[in-house]
Amino acid sequence: MTAFLSLVQWLSPAFPTGAFAYSHGLEAAMAGGGVTDAMTLRDWVAGVLRHGAGRTDAILLARGMDPDADLDALADLARALAGSAERLRETVEQGAAFAATTGALAGVEHPARPLPLAVAQAARGLGLPAPQVCAVYLQAFAGTLVLAGVRFLPLGQTEGQRVLAALHPLIGALADEAATAPAGAIGGLAFGAEIAAMAHETLDVRIFRT
């Protein structure tokens with residue numbers, strides 16, 4: 001139970017990775033009118049989970065938890081998979097903050113790596129099953145995006161929680177898939193999310209970093 005609580009702590013909004021400051025391009029989609037309400041927010045987040053960084057990061061995380069995995073090689077792959085400068089910044093900055101804090105808690109020095117590999121390194125010592133770790137990771141990622149929607153749109157907290165709850169079956173399925181998928185299975189088609197992340201760089205007024 002202690003190991004699971006540690007994982008939940010690391011991936012909670014209270015953990016100092018600054019996740020609240022990143023929207024993964026969602027701010028541009030909302031500003032452009034592509035995401036306007038609970039239904040379109042749910043569809044957007046589901047698409048990013050199923051076809052974009054959600055699935056990709058989960059597979060990287062699961063492979064990184066393998067005791068014999070080359071974390072540096074997987075980190076290089078994670079950086080190469082970032083589709084834009086802001087996407088790269090998002091995973092690198094959060095990963096560095098995560099590694100620094102978990103390392104300080106454990107009394108060791110963790111190298112700065114992209115977020116899914118930083119989580120993988122720390123999670124190796126927990127002894128938790130990969131599907132469980134991936135599910136909590138994806139839940140945290142989806143929760144961050146939903147919170148961005150609540151902050152930007154005329155969307156209440158309760159409606160936001162309904163959106164997140166509706167994503168639970170997808171999160172569970174993706175976590176199970178990622179736990180056994182090889183790194184070669186990584187591939188995405190979330191072009192809208194990647195284009196939105198690129199467009200975000202040129203917004204005149206921005207709440208989020210990405």
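A continuous path of Ile, Leu, Val, Met, Phe, Trp and Tyr side chains, each step under 4.5 Å between heavy atoms, connects Val8 with Met65, placing both in one hydrophobic cluster. Transitive grouping of hydrophobic side chains (ILVMFWY, heavy atoms separated by less than 4.5 Å) brings Leu153 and Ile207 into a common cluster. Follow the hydrophobic side-chain contacts under 4.5 Å out from Val48 and you never reach Leu189; the two are in separate clusters. Cluster annotation: Phe20 is not connected to Val146 through the hydrophobic network of ILVMFWY side chains, with a link wherever side-chain heavy atoms come within less than 4.5 Å. Hydrophobic clustering (side-chain heavy atoms under 4.5 Å, transitive across Ile, Leu, Val, Met, Phe, Trp, Tyr) keeps Leu138 apart from Leu147.
Nearest heavy atom pair, residue Leu117 against residue Gly64, reads CD1-CA, 4.2 Å. When every heavy atom of Leu74 is checked against every heavy atom of Ala69, the shortest pair comes out as CD1-CB, 4.1 Å. Residues Ala175 and Ala135 come closest through the heavy atom pair CB-N, 3.5 Å. Across all non-hydrogen atoms, the minimal contact from Val150 to Gly156 is CG2-O, 4.1 Å. Between Met198 and Gly83, the shortest heavy-atom contact is CE-O, 3.2 Å. Residues Cys134 and Ala62 share a closest heavy-atom pair of SG-CB, 3.9 Å.
The CZ atom of Arg87 lies 8.5 Å from the CG atom of Leu81; values are rounded to the nearest 0.5 Å. Distance CG/Leu26 to CG/Leu41: 6.0 Å, rounded to 0.5 Å. Taking CG of Asp66 as the start and CZ of Arg63 as the end, the distance is 4.5 Å to the nearest 0.5 Å. Summarising the geometry, atom OG belonging to Ser12 is positioned 10.0 Å from atom CG belonging to Leu7; distances are rounded to the nearest 0.5 Å. Taken from CZ in Arg206 to OG in Ser23, the straight-line distance is 9.5 Å, to the nearest 0.5 Å.
Under the side-chain contact (heavy atoms from CB on, under 4.5 Å) rule, Leu145 has a single partner from Leu49, Leu167, Val35, Val45, which is Val45. Between Tyr22 and the options Glu90, Glu93, Gln94, a side chain to side chain donor-acceptor pair (under 3.5 Å) holds for only Glu93.
Listed by first and then second residue, the side-chain hydrogen bond (donor to acceptor under 3.5 Å, both in side chains) pairs involving residues 181-200 are Glu27-His200, Glu86-His200 (not counting sequence neighbours). Pairs passing the side-chain hydrogen bond (donor to acceptor under 3.5 Å, both in side chains) check and including a residue from residues 112-121, sequence neighbours excluded, read Asp72-Arg113, Arg113-Gln121. Contacts classified as ring pair (Phe, Tyr, Trp, His ring centres under 6.0 Å) and involving residues 24-46 (residues at least two apart or in different chains) are given here: His24-Phe141. Sorted by first then second residue, the side-chain hydrogen bond (donor to acceptor under 3.5 Å, both in side chains) pairs that include residues 140-161, not counting sequence neighbours, are Glu159-Arg162.
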Decide side chain to side chain contact (heavy atoms under 4.5 Å, CB included) for Trp10 and Thr17; before the verdict, give the C-alpha distance in whole Å, the side-chain angles of both, and the deciding distance to 0.1 Å. CA-CA 9 Å; Trp10 297 344; Thr17 60; over 6 Å; no
Determine whether Leu170 and Arg50 satisfy the following criterion, side chain to side chain contact (heavy atoms under 4.5 Å, CB included), listing intermediate values before the conclusion. CA-CA 8 Å; Leu170 174 60; Arg50 182 184 293 110; 3.8 Å; yes
Atom pairs and distances, donor-acceptor, side-chain atoms in residues 51-60, under 3.5 Å, two or more places apart:
residue, atom, partner, partner atom, Å
Arg55, NE, Glu177, OE2, 2.9
Arg55, NH1, Ala185, O, 3.1
Arg55, NH1, Gly187, O, 3.4
Arg55, NH2, Glu177, OE2, 3.0
Arg55, NH2, Ala185, O, 3.1
Thr56, OG1, Gly52, O, 3.3
Asp57, OD2, Tyr137, OH, 3.0

Identify every side-chain donor-acceptor pair in residues 96-107 under 3.5 Å, counting partners at least two apart or on other chains, and give the distances.
residue, atom, partner, partner atom, Å
Thr101, OG1, Ala97, O, 3.0
Thr102, OG1, Phe98, O, 2.8
Thr102, OG1, Ala99, O, 3.4
Thr102, OG1, His110, ND1, 3.4

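For the 3.5 Å distance criterion, the side chains of Thr40 and Asp43 fail to qualify, holding no donor opposite an acceptor.
Here the side chains of Leu126 and Ser6 are in contact, with some heavy-atom distance below 4.5 Å. A heavy-atom distance below 4.5 Å is not found between the side chains of Leu155 and Asp37. Put simply, the side chain of Leu88 reaches to within 4.5 Å of the side chain of Arg79, judged on heavy atoms. With contacts defined as side-chain heavy-atom distances shorter than 4.5 Å, the pair Glu201/Ser84 qualifies.
Side chain of Thr36 to main chain of Gly33: no donor-acceptor pair is present (N/O by atom type, distance under 3.5 Å, no hydrogens or angles).
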